[in-house]
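See below for the structure under consideration.
Along the sequence shown, residues carry numbers from 1. All ligand and atom numbering here is 1-based and tracks the order in the structure.
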Amino acid sequence: MGKITFVEHDGTAHQVELVDGESLMALATGSGVPGIDGDCGGEASCGTCHIIVDEEWIQTTGRRSEEESAMVEMSPECVPNSRLACQLRATEGLDGLTVRLPEFQM
Ligand code: FES
C-alpha cells in the first residue's frame with residue numbers, strides 16, 4: 001500500500017509500511033519508532049504522539065482539529081503543522097508522506 005517516513009529530531013529516518021485505516025500512532029508504535037509513545041491509546045488526550053507534517057503534505061493530511069489543537073498546543077514545540085499521529089488514518093494517498101518528530105514528547 002505504500003510507506004511513510006518518520007524522521008526523529010536528530011535526523012534518523014524510519015520507514016513504516018502503511019496499513020489502511022490504522023492511525024499513524026499505531027503504525028509508529030507497532031514498528032518501534034522511537035519518540036512516539038501513544039500513552040492514551042489514541043484518544044487525543046496525552047499528546048505523546050506529536051508529529052510535524054511536511055508543508056507539502058498539509059493539503060493531503062488536512063490541518064488539526066480543535067480537539068487536537070487543545071492537546072498539541074500544550075507542547076512548547078508546537079508549530080502550525082503539528083498533529084497528533086493518533087488522529088491521522090493511513091490511506092493510500094499518504095504513500096510517501098514524511099513527518100518529523102519533536103525533540104521531546106509531552
Ligand atoms: S496517543 Fe495520546 S494523544 Fe495521540
Side-chain angles (χ1 to χ4, degrees):
M1 199 182 134
K3 287 186 175 38
I4 63 169
T5 305
F6 292 87
V7 182
E8 290 183 68
H9 193 258
D10 69 2
T12 309
H14 304 268
Q15 277 209 329
V16 173
E17 202 75 44
L18 284 169
V19 179
D20 197 25
E22 279 277 35
S23 76
L24 300 198
M25 179 278 282
L27 293 178
T29 55
S31 304
V33 175
I36 301 246
D37 299 331
D39 287 345
C40 73
E43 301 296 320
S45 59
C46 71
T48 65
C49 65
H50 180 188
I51 56 172
I52 297 153
V53 175
D54 271 5
E55 184 62 36
E56 66 204 65
W57 280 92
I58 282 290
Q59 250 189 326
T60 308
T61 62
R63 293 201 182 268
R64 60 181 182 257
S65 66
E66 274 182 38
E67 186 189 17
E68 280 180 77
S69 289
M71 180 47 62
V72 82
E73 285 173 6
M74 287 187 210
S75 167
E77 294 180 79
C78 183
V79 294
N81 293 355
S82 289
R83 296 288 311 262
L84 295 174
C86 65
Q87 301 303 304
L88 265 173
R89 298 270 154 209
T91 62
E92 231 163 289
L94 294 189
D95 182 24
L97 171 70
T98 298
V99 300
R100 292 172 200 288
L101 304 187
E103 187 168 8
F104 302 107
Q105 292 287 357
M106 280 185 268

Can you check whether Arg63 reaches Asn81 side chain to side chain, under 4.5 Å on heavy atoms?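 Answer yes - side chains close enough.
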Any side-chain heavy atom of Ile51 sitting closer than 4.5 Å to one from Leu101?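 Touching, per the 4.5 Å side-chain cut-off.
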Using a 6.0 Å cut-off, check whether atom CD of Glu103 has over 12 heavy atoms from anything other than its own residue.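 Enclosed: over 12 neighbouring heavy atoms sit under 6.0 Å from CD of Glu103.
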Under the side-chain contact (heavy atoms from CB on, under 4.5 Å) rule, collect the residues that match up with Ala70, sequence neighbours excluded.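 Ala70 satisfies side-chain contact (heavy atoms from CB on, under 4.5 Å) with no other residue.
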Is Arg64 salt-bridged to Glu73, going by a charged N under 4.0 Å from an acidic O?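 Salt bridge between Arg64 and Glu73, a charged N being under 4.0 Å from a carboxylate O: yes.
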With a cut-off of 2.8 Å, which protein N/O/S atoms are close to atom 2 (Fe) of ligand 1, if we only count those under it?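 Protein N/O/S atoms under 2.8 Å of atom 2 (Fe) of ligand 1: Cys40 SG, Cys46 SG.
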Checking Ser31 side chain against Val33 main chain: does a donor-acceptor pair fall under 3.5 Å?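 Flag not set: sc Ser31 to bb Val33 has no pair under 3.5 Å.
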